[in-house]
There are 2 protein chains.
Amino acid sequence: MQKISNTFFYQLEKTVKTYRQYFQAQMKTHGFDITLDQWLILNTILDYPNASQTEIAEKVFKDKASITRIIELLIKNEYLTREGHPTHGRMFQFQLTPKGLKTIEQLNQLVPKFRENALAGTASENIEVSQSLMQIIVENCKRE
Amino acid sequence: MQKISNTFFYQLEKTVKTYRQYFQAQMKTHGFDITLDQWLILNTILDYPNASQTEIAEKVFKDKASITRIIELLIKNEYLTREGHPTHGRMFQFQLTPKGLKTIEQLNQLVPKFRENALAGTASENIEVSQSLMQIIVENCKRE
DNA sequence: ATATTTTTGTTGATATATCAACAACCTGAT
DNA sequence: ATCAGGTTGTTGATATATCAACAAAAATAT
């Protein structure tokens with residue numbers, strides 16, 4: 001069998017982990033007390049203010065259970081509040097606190113730079129090729 | 001800011017997760033009672049029989065602590081045994097049990113097919129382009 | 001209007017990731 | 001021989017992933 005370390009999927013995992021570590025380290029350096037995943041959820045709530053937790057889960061391809069727990073932490077750490085939905089007794093409506101909003105605004109200045117740094121020295125057409133390739137893989141894996 | 005869902009790193013995470021789910025589901029379908037990560041560690045021990053846990057951790061870019069716990073489970077589930085190292089009082093030597101060996105042998109027939117299925121309909125030069133791209137990203141992230 | 005099914009979110013159990021602190025051991029310098 | 005510093009593996013705390021079971025509410029069918 002092909003050496004695992006030469007496979008595409010090995011490299012994929014390695015890249016995700018390395019980028020996550022870089023991202024998290026940068027957050028810490030810049031004084032943020034929030035995880036990559038918490039940032040992702042806050043951001044998704046801002047982009048889709050009326051999404052249910054289930055919809056948020058789909059958008060970030062996480063489990064509903066993970067969303068429940070990440071949101072729990074965001075509320076505990078005062079980045080987010082939630083209220084019962086006016087008409088749907090099972091859903092919630094979310095609102096970023098001032099602290100949450102400020103954090104996102106600051107991070108949205110920084111995050112594009114993280115991406116640029118990570119992608120430095122790469123050709124944009126190669127990035128596009130890779131994205132298309134990954135889309136095919138996702139389709140293949142979902143089909144089977 | 002660019003919509004997160006269009007970014008390269010979003011696609012990267014999505015692809016890793018989807019492939020992991022596919023892999024894990026296939027394992028279950030074929031009657032294996034082992035996780036992707038456990039398979040990865042077993043395989044690494046076979047490839048590098050004299051590696052220390054720290055070295056294994058580096059090879060699979062996991063934390064030493066994760067390796068301790070995954071190995072603990074592999075031993076508990078009787079895929080692996082370990083003994084103290086003859087000369088180094090702090091290290092261990094590992095040995096797959098017959099059950100472990102059989103599992104790996106069977107999986108090493110299957111896993112290449114998982115990869116082929118996931119990569120179906122993709123051009124090999126695009127795979128190579130993507131791998132090179134990811135290598136650059138890893139270097140960029142480690143440097144900073 | 002009632003029964004059935006679906007949707008929505010929570011919880012428990014288990015596996016893994018990450019960070020920090022730690023103990024035991026090893027090595028090298030003095 | 002001793003001491004300082006590095007290595008190796010473990011443990012605790014916390015965050016997340018995944019699966020399954022579940023309860024409450026909503027939507028649909030009859």
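We use all heavy atoms of the structure for the numbers below, so side chains are in, but hydrogens, waters and symmetry mates are not. Every chain is numbered from 1, with letters handed out A, B, ... down the list of sequences.
Remark: B/Arg82 is positioned above the aromatic ring of B/Phe92, its terminal NZ or CZ atom under 6.0 angstrom from the ring centre and at most 45 degrees off the axis. Both tests do not hold together for B/Lys17 against A/Phe61: distance to the six-membered ring centre under 6.0 Å, angle to the ring axis within 45°.
One atom, CZ of B/Arg82, and another, P of D/dG9, lie 9 Å apart when rounded to the nearest Å. Following rounding to the nearest Å, B/Gln53 (CD) and D/dT8 (C1') show an atom-to-atom distance of 8 Å.
A/Asp37 comes within 4.0 angstrom of sugar-phosphate atoms only, judged by non-hydrogen atoms across all strands, and of no base. B/Arg69 comes within 4.0 angstrom of a base, heavy atoms only. Nucleic acid contact class of A/Gln38 (heavy atoms, under 4.0 Å, all strands): sugar-phosphate only. Backbone-only contact: A/Thr35 has heavy atoms under 4.0 Å from sugar-phosphate atoms and none from a base. Nucleic acid contact class of B/Leu73 (heavy atoms, under 4.0 Å, all strands): sugar-phosphate only. Within 4.0 Å (heavy atoms only), A/Thr68 reaches at least one base atom of the nucleic acid. Residue B/Ser66 is in base contact, counting any heavy-atom pair closer than 4.0 Å across all strands shown.
Using a 4.0 Å cutoff to heavy atoms of chain B, the contacted part of DNA chain C runs 5' to 3' from C/dA15 to C/dC26.
Between A/Ile67 and B/Phe94, the one whose closest nucleotide on DNA chain D sits nearer the 5' end is B/Phe94. When each of A/Arg90 and B/Ala65 is assigned the nucleotide of DNA chain C bearing its nearest heavy atom, the one mapping closer to the 5' terminus is A/Arg90. Mapping B/Asn77 and A/Ala25 onto DNA chain C by nearest heavy atom places B/Asn77 closer to the 5' end of the strand. Take the nearest nucleotide of DNA chain D for A/Lys64 and for A/Phe61: the residue whose nucleotide is more 5' is A/Phe61.
The side chain to side chain donor-acceptor pair (under 3.5 Å) search around B/Gln38 returns none, not counting sequence neighbours. Legend: residues meeting salt bridge (Lys or Arg N to Asp or Glu O under 4.0 Å) with B/Lys59, ordered by chain and number and at least two apart, are absent.
For B/Phe32 and B/Trp39, the ring centers sit 6.0 Å or farther from each other.
Of the N and O atoms on the side chains of B/Asn117 and B/Tyr22, at least one donor lies less than 3.5 Å from an acceptor on the other residue.
Using cut-offs of 30° and 60° for the angle between ring planes, the A/Phe114 and A/His30 rings count as tilted.
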